[in-house]
*Asks:* 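There's a structure below that I have some questions on.
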Protein chains: 4
Amino acid sequence: MDTADLKPEDPEDGGGATRAVRKQGQNGSVSRRLILDMAAALFSHQGFTETTVRQIAAKVGMQAGSVYYHFESKEQMLGEILSIAVRSTYMAVKGSVESLPIEATPKDKIKAAIRAHLQSLHGNFDYTATNVKYQGQVPNVVERAVQPDRESYTEYWNQLIAAAAAAGELSPDLNLPFLRPLILGSLNRTINWYDPGRGDIETLVRTVLVLFDGLWSRAEAAGSEGGGST
Amino acid sequence: MDTADLKPEDPEDGGGATRAVRKQGQNGSVSRRLILDMAAALFSHQGFTETTVRQIAAKVGMQAGSVYYHFESKEQMLGEILSIAVRSTYMAVKGSVESLPIEATPKDKIKAAIRAHLQSLHGNFDYTATNVKYQGQVPNVVERAVQPDRESYTEYWNQLIAAAAAAGELSPDLNLPFLRPLILGSLNRTINWYDPGRGDIETLVRTVLVLFDGLWSRAEAAGSEGGGST
Amino acid sequence: MDTADLKPEDPEDGGGATRAVRKQGQNGSVSRRLILDMAAALFSHQGFTETTVRQIAAKVGMQAGSVYYHFESKEQMLGEILSIAVRSTYMAVKGSVESLPIEATPKDKIKAAIRAHLQSLHGNFDYTATNVKYQGQVPNVVERAVQPDRESYTEYWNQLIAAAAAAGELSPDLNLPFLRPLILGSLNRTINWYDPGRGDIETLVRTVLVLFDGLWSRAEAAGSEGGGST
Amino acid sequence: MDTADLKPEDPEDGGGATRAVRKQGQNGSVSRRLILDMAAALFSHQGFTETTVRQIAAKVGMQAGSVYYHFESKEQMLGEILSIAVRSTYMAVKGSVESLPIEATPKDKIKAAIRAHLQSLHGNFDYTATNVKYQGQVPNVVERAVQPDRESYTEYWNQLIAAAAAAGELSPDLNLPFLRPLILGSLNRTINWYDPGRGDIETLVRTVLVLFDGLWSRAEAAGSEGGGST
DNA sequence: AATGAATGAGCCTTCATTCAT
DNA sequence: CATGAATGAAGGCTCATTCAT
């Protein structure tokens, strides 16, 4: 599957074997989030395996061993990063779609979703890039942990598309099973090449919406997208 | 940049001091290519760093040390795999485009290129997947070696697009600088999710061509592509 | 050149990227010096290349990997051992010479230097033996690091000899450029054969001083050496 | 012990386990000696362990495997090199001493021996340097093989010295057991530092003889050495 | 004689992880 | 909370050596 999920942060500790049971209220201590940020920055640029716990610790200003007070393992860090990435994008997209006016058509919703997805992607680069680049190559344990998040988001898109199809808004020449992964894959891949030098995100959004014009059934004219969410 | 190149053989030795001096070329002992195949299979599924030379050797049925009779380093293997991936796709695309009838328009050429790219991608999965998934995270030495190949292919696409633009065939609403990476990125990303269970490659090609219908300027009707090249 | 230097601590870090940053200096955790001692013992008896980091670690009672918490590389260990060897001998010699009475002649000084050199050599066998035996076959990186130390000591001897020559105390039949390396070489080579069973160090010193009697110009009688420093 | 032996070349194969039983008459095939020469050159400059069989083969212009047609092992090569070194020096020294006029005193003989030793040392640098530098750090198997050669030469010097002592020609202040190793050690160590730039071998010889003037009992005047043998 | 290809043991080094303080 | 020190399992790579051709 090719997605990137989201959803709010819930406890989800999992009960580590050792300590690393942080006693925080419901969020992570400052250090915890800081570590995650640094890890995400490193993972997204060098890759997970290529990143050393020592490097992460160094960027935070602590010793490698200290990291283990906050996390059970390097993999756990990755898992949390992926979850955050997926959930935050999910929330952004969902929020954007739901804030559309009542009259919004499925087509409008998909357009809004595309915009929100791209914005979230590039707005949380370190996290989402880690997610996108490692799609499918993540250690099993971790993958299993993020899977539910991924599926939620995936399912959300499936519904958006199904609704459009039901409304007859989608071009009949499209092979539906390919649609969601094709769209999300195209968007996600921008992580690999997007460079502000070529144009800003909004321009990217517009170009994508134009390029994807074949999505829509010929009944309607080319759509001038409008719902700038987020 | 987001591409996958090709082109004939470059020097690119690396100047090893010891053995492993013969190498690619058109000969390449049987073992050599076999090793490369196994390495590509492993790299594309587990990632470069996650793959052990011992694993590669095991798949070939030899000892880890023996691999070093054929290659100077694990990185050199990666380099050759990437080159093969990029070059073979380039040649496939170029060949496909050039075999179009004289009357072929730039639009026809781009469509043929898209089809050939997708076919090459999924027809040499292990090699191209290694290339696509590692885009931008490849060790410097290796990246430097493949760069020329990448650029050649990139440039080829730039020309295809420029020609279409010059011919007024492209939608004026598109931000040109985004176009090539967006298209190639979308195609390349299929490596991450395409599954024959959802439909065959030709169906994928058709869906992509429909989806990308927004590429073309509204002067013409939506194009039902036809020229199955390659 | 054939020498064995000494002198105070130089920068000479090497700039490791990871840990093992603290190092020499005046602290040096207990382990650190212990490792060095064991390494020197092994190096001096088996040679650098022939000695395994695992062997060193075993002698210290730790795991091979643990050694790398204290040193960046096996070569770094060698470098420090050589430096210690050279510097300690230098200091011993210099100290000995400087503690001679004011009236001491250049000849007296050379004699004292010979005695101190031999004493230091055999008093820190593992370190100095490593240095002497590896003279000229040390890895480049290491050699470069110790070079300044070597040169300081060499220079010190050059001055001692020059002073004696200026005072007309040296036999005119000697080819000066050969003198220092010849003397130091003779002394250093004792590392390869000296065995307490044949006589103690002081006896060795006296024999050397007698043997080298040709050093002195015939104006004076054979010298009964006196300045027993250290 | 600190020596360097000699003696004519005798079969001394040893009966290898594999092949490498060369069928030559009584000397080695051309290749054989060539390989030895290259090995000696490499060993003397980089050290035994640091030298690769592949390097040796490369200098000879053959493949690593081919070397094993001529030698059973790298160690065997070293053994032969050491033997050659020791024997050739022995022969040179012995020949030089024996060619002295009948009236030659023990003192004359020792002087001639010193000269011949130095000449042989520097006249067969690659071989003798390998021997001198590796004194005492040679693999057991090899050491055992060369030991007889070393002892012969050592014994020869012992006799020269004993004769001089018996003749009352040696200074009574010398500790006899130190004498031979001290002298030979001094001479051998020149291998580590001698550089034609500082003066030629003959000058070196003269300087050594002057320096060692303390050898002789004061009954006689300082000796101006004369018997330039070889 | 010589080579190409492979073996297998071992080496240096890295790194996630642990744990007493 | 944090650190210093150590562990132990691997991993990439080297190299003497073998052997069929």
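To find a chain, count down the sequence lines: A is the first, B the second, and so on, and within it residues start at 1.
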*Asks:* Using a cut-off of strictly less than 4.0 Å, decide whether D:S66 has a side-chain nitrogen or oxygen near OP1 or OP2 of E:dT3.
*Replies:* yes
*Asks:* Which whole-number value in Å describes the distance from B:L34 CG to E:dA5 P?
*Replies:*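 The answer, rounded to whole Å, is 14 Å.
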*Asks:* Which residues satisfy the side-chain contact (heavy atoms from CB on, under 4.5 Å) test with A:E50, sequence neighbours excluded?
*Replies:* A:Q46, A:Y134, B:T49
*Asks:* Under a 4.0 Å heavy-atom cut-off, which of residues 37-62 of chain B touch DNA chain E?
*Replies:*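 Correct list: B:R54, B:M62.
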*Asks:* So do the side chains of D:I84 and D:R33 get within less than 4.5 Å of each other, counting heavy atoms only?
*Replies:*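 Of all side-chain heavy-atom pairs linking D:R33 with D:I84, at least one is under 4.5 Å.
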*Asks:* Between P on E:dA16 and CG on A:L78, what's the gap in Å once rounded to a whole number?
*Replies:*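 Atom-to-atom, A:L78 to E:dA16, this comes out as 13 Å.
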*Asks:* Any side-chain N or O of B:Q63 less than 4.0 Å from the OP1 or OP2 oxygen of E:dG8?
*Replies:* yes
*Asks:* What's the closest nucleotide to the C:Y69 side chain, out of E:dA6, F:dG4, E:dT13?
*Replies:*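 Nearest to the side-chain atoms of C:Y69, counting from C-beta on, is F:dG4.
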*Asks:* If you assign A:V67 and B:M77 each to the DNA chain F nucleotide with the nearest heavy atom, which residue ends up on the more 5' nucleotide?
*Replies:*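 It is A:V67 whose nearest nucleotide is closer to the 5' end.
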*Asks:* Given atom CZ of C:R32 and atom P of F:dA6, what is their separation to the nearest angstrom?
*Replies:*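 From C:R32 CZ to F:dA6 P: 12 Å.
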*Asks:* Looking only at atom types and distance, does a side-chain atom of D:R32 sit under 3.5 Å from a main-chain N or O of D:H70, one as donor and one as acceptor?
*Replies:* yes
*Asks:* Between C:K133 (side chain only) and C:F43 (backbone N and O only), is there a donor and an acceptor less than 3.5 Å apart?
*Replies:* no
*Asks:* In whole angstrom, give the distance that lies between atom CD of A:E72 and atom C1' of E:dT18.
*Replies:* 13 Å
*Asks:* For B:F71 and E:dA5, give me the distance from atom CZ to atom P, rounded to whole Å.
*Replies:* 12 Å
*Asks:* Does B:Y68 have a side-chain nitrogen or oxygen under 4.0 Å from the phosphate oxygens OP1 or OP2 of F:dC13?
*Replies:* yes
*Asks:* Does OP1 or OP2 of F:dA2 have a side-chain N or O of A:H70 closer than 4.0 Å?
*Replies:* yes
*Asks:* Distance check needed: E:dT13 C1' versus C:Q76 CD, whole Å only.
*Replies:*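 The answer, rounded to whole Å, is 13 Å.
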*Asks:* Hey, what do you get for OH (A:Y68) to NZ (A:K74), rounding to the nearest 0.5 Å?
*Replies:*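 A:Y68 atom OH to A:K74 atom NZ measures 8.0 Å (nearest 0.5 Å).
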*Asks:* Starting at NZ of D:K74 and ending at P of F:dT18, how long is that distance when rounded to a whole Å?
*Replies:*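 Going from NZ in D:K74 over to P in F:dT18 covers 14 Å.
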*Asks:* What is the pairing partner of E:dA5, taking Watson-Crick or G-U wobble pairs with both distances under 3.5 Å in any strand?
*Replies:*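 Base-paired to F:dT18.
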*Asks:* Would you say that D:L78 contacts D:V138 through its side chain, given a criterion of any heavy-atom pair below 4.5 Å between the two side chains?
*Replies:*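 Heavy-atom side-chain distance check passes, below 4.5 Å.
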*Asks:* For the residue pair A:N131 and A:A85, what are the closest heavy atoms and their distance?
*Replies:* CB-CB, 3.9 Å
*Asks:* With a 3.5 Å limit on both atom pairs, tell me what F:dG12 is paired to, counting Watson-Crick and G-U wobble, or say none.
*Replies:* E:dC11
